[in-house]
Student: 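Here it is, the structure in full.
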Number of protein chains: 2
Amino acid sequence: MKDKPKLKTAPKLDDYMLFLAVADGGGLVGAEQATGTPSPTLSRRMTALERTLGKRLFERGARGYTLTSDGRALAAEVEHLRAAAQHLAAFNAKQTRPLVRITAGHWTTQYIARHFGEVWSQDASLVPSVPWVPELVSSDAMVDIARREADIGIRNRRPDQTWLAGRRTARIAYAEFARGPEVTGYITLPESLATTPSKRWLRHNKPDEIVSTASDPRAEADLAIGGIARVILPIFAGRAMPELVQVSPEIDALTHEEWLVSHHDARHDPPIRAALDAIGTLLSAPTRFGP
Amino acid sequence: MKDKPKLKTAPKLDDYMLFLAVADGGGLVGAEQATGTPSPTLSRRMTALERTLGKRLFERGARGYTLTSDGRALAAEVEHLRAAAQHLAAFNAKQTRPLVRITAGHWTTQYIARHFGEVWSQDASLVPSVPWVPELVSSDAMVDIARREADIGIRNRRPDQTWLAGRRTARIAYAEFARGPEVTGYITLPESLATTPSKRWLRHNKPDEIVSTASDPRAEADLAIGGIARVILPIFAGRAMPELVQVSPEIDALTHEEWLVSHHDARHDPPIRAALDAIGTLLSAPTRFGP
DNA sequence: ATTTGGACTTTCAAAAATGAAAGACAAACC
DNA sequence: GGTTTGTCTTTCATTTTTGAAAGTCCAAAT
């Protein structure tokens, strides 16, 4: 910061909590045990608090810290804050595990949801040491990680902004699927929803062979299962539907890489880091792409 | 810190206050105006709060931040904390000006007290931009700045610990004072209290000429004014008493430097910095040592 | 009187946070 | 449609904070 002394008008509220911990604990050692904050840090925080308030709150000595009369007066006032902080902690404890919002296309989201139990469980022995809960959001739109619309995105290309971190997880291939090779014609989404490369490709290359549309990817697959037409799917998704068979070779023009993307900063956040590891394991699994 | 991800179990309480400021202000700009915290910092603090709680508290956009339903629920709970913080601020406001504890020998303390109005005043035009109030503690004992027994000490030699910062303010000379040159014999403090170099010097060099003792420096000077004996004083203190005259030349053995001493860290604290400047000005004033 | 243990403060390298300046982007205005 | 304004995010140099290790000092134990 600029070389100007900044007059601190109010102490940090957390310093009041540490102050109570030191008072309750009779010194820095007791407070360290209660709060997990190391003694050198507590020593400096108590000194900073006294300096900011302009009061001597403790007598310091070989047997620890004892409150002065100013300190006792302040401790009585800080009880309100302690009660309010505990109230908040109780409210937050209703949801002990942070949500990690993950967005991907429909089929990827479905795959993750169905296989998530392989890398995540309520069972203590399987749960990563960092608690977190997935919030899966199926979306083909490019969600805005800068504006925190999602914590993790699964995308079809390497992120190019420098503040995004990416990990390549797989190569995704596409093909046609149907009840049998005798089925002709294609089902797809309405033009206004057909924003993915695979939908665009179909409309561009075989516009006259589109015989029907469906309202969403799930319905699209159901209609193909009903025998009405063919559908273009990622091969890992088509193979997951026993009623459908692959009826064309891979469509080379649609093959792309898959990238697991997050904000550069967020990678260091334990829940997000744990989620990245778990999802990365799932997406890279050999079983995803065949026996 | 060690290279281990630290799972944050609770957000900073100050972040809750900033969260309310952003919510109230409709965005970062409004909150910046209300709190003085710059927008980039607020942006990161809100992101950190959401991450720690595992909830999305705001929708972000070109028109600012708006609360999500999770955000509104949290805001309702944080009101308790706001009330408690305001209660504390009101309590602290009863003493808006921090005390700066200054220790010095008796005569130096007296000099500062009598002349303090020259560098400090309630009048706004004279008050330094940093509010503070002196707490003068007269003590010949070496107070423990490490243990915060004082913020500033006025000592008779350069500080030798590296964590102490010092500024030389003056050269202090001593001499004998009495009602007149015809007065013989010396008054001093009892042996148990005679801890200063000048008292030790007297007991060492003229033990047979001590005719009386007094309970404290003030009484010592009063008895000299009463004509009972001579007293050894710093010359600036003796000259401040019109009833006494200097009856010896300077006592070279007692001359020493005067140092204004504080903790290295504390120098950057605005109240202490202002106090150091004010006291330094007083102690260095030419008028302290003569017309 | 000496040694040991306990508790606080200081050192200093590393990590984290900050804020001015710049970049990005959408809404409002002309 | 082009320009301007407002608000948020990113960059990056600087400042602040942290915590393990070491130092200091006093009370308790021997």
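Numbers restart at 1 for each chain; the letters A, B, ... are given by sequence-line order, proteins then strands.
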Student: Given dG19(D), is OP1 or OP2 found less than 4.0 Å from the side-chain N or O atoms of T37(A)?
Tutor: no
Student: If every non-hydrogen atom of T109(A) is compared with every non-hydrogen atom of S138(A), which pair is closest and at what distance?
Tutor: OG1-CA, 3.7 Å
Student: Determine yes or no for a side-chain-to-main-chain donor-acceptor pair under 3.5 angstrom, with R56(B) supplying the side chain and R148(A) the backbone.
Tutor: yes
Student: Could you check R45(A) against Q161(B) and say which one's nearest nucleotide on DNA chain D is further toward the 5' end?
Tutor: R45(A)
Student: Looking for any heavy atom pair under 4.0 Å, which part of the strands does P38(A) touch: base, sugar-phosphate only, or nothing?
Tutor: sugar-phosphate
Student: Quick one: which of K55(B), R60(B), R45(B) gives a salt bridge (charged side-chain N to carboxylate O under 4.0 Å, His left out) with E50(B)?
Tutor: R60(B)
Student: Figure out the CG/C1' separation between D14(B) and dT17(D), and round it to whole Å.
Tutor: 15 Å
Student: For E191(B), look at atom CD and say whether over 12 heavy atoms of other residues, nucleotides or ligands are found less than 6.0 Å away.
Tutor: no
Student: Could you state the atom-to-atom distance from CG of L57(B) to C1' of dC8(D) in whole Å?
Tutor: 17 Å
Student: For E258(B) and T169(B), test the side chains for any donor-to-acceptor distance below 3.5 angstrom and give the result as yes or no.
Tutor: yes
Student: Would you say Y65(A) reaches dG6(C)'s phosphate, i.e. side-chain N/O to OP1/OP2 under 4.0 Å?
Tutor: no
Student: Between R147(A) and T47(A), which residue's closest nucleotide on DNA chain C lies nearer the 5′ terminus?
Tutor: T47(A)
Student: Between dT9(C) atom P and E149(B) atom CD, what is the distance in whole Å?
Tutor: 11 Å
Student: Nearest whole Å is fine: how far is dA24(C) P from D144(A) CG?
Tutor: 14 Å
Student: In whole Å, what is the span from the CD atom of E50(A) to the P atom of dC8(C)?
Tutor: 13 Å
Student: Which whole-number value in Å describes the distance from D160(A) CG to dG23(C) P?
Tutor: 18 Å
Student: Would you tell me if any nitrogen or oxygen in the side chain of H264(A) comes within less than 4.0 Å of OP1 or OP2 on dT10(D)?
Tutor: no
Student: For DNA chain D, which residues of residues 26-34 of chain B approach it to below 4.0 angstrom with any heavy atom?
Tutor: G27(B), L28(B), V29(B)
Student: Which part of the nucleic acid, if any, lies within contact of R44(A), taking any heavy atom under 4.0 Å across all strands shown: a base, the sugar-phosphate backbone alone, or nothing?
Tutor: base
Student: Starting at NZ of K12(A) and ending at P of dT16(D), how long is that distance when rounded to a whole Å?
Tutor: 12 Å
Student: Closer than 3.5 angstrom, by distance alone: can the side chain of T35(B) be matched with the main-chain N or O of A31(B) as a donor-acceptor pair?
Tutor: yes
Student: Judged by each residue's nearest nucleotide on DNA chain D, which is more toward the 5′ side, R63(A) or T41(A)?
Tutor: T41(A)
Student: Rounded to whole Å, please give me the gap between CD in E59(A) and P in dA7(C).
Tutor: 18 Å
Student: By nearest heavy atom, map I145(B) and P40(B) onto DNA chain C; which one lands nearer the 5' end?
Tutor: I145(B)
Student: Indicate whether OP1 or OP2 belonging to dT9(D) is found under 4.0 Å from a side-chain N or O atom of R60(B).
Tutor: yes
Student: Are any of H263(A)'s side-chain N or O atoms less than 4.0 Å away from OP1 or OP2 of dT10(D)?
Tutor: yes
Student: Determine the minimum heavy-atom distance between L189(A) and R203(A), stating which atoms define it.
Tutor: O-NH2, 3.0 Å
Student: If I compare all heavy atoms of I152(B) with all of A275(B), which pair ends up nearest, and what's the gap?
Tutor: CD1-CB, 3.8 Å
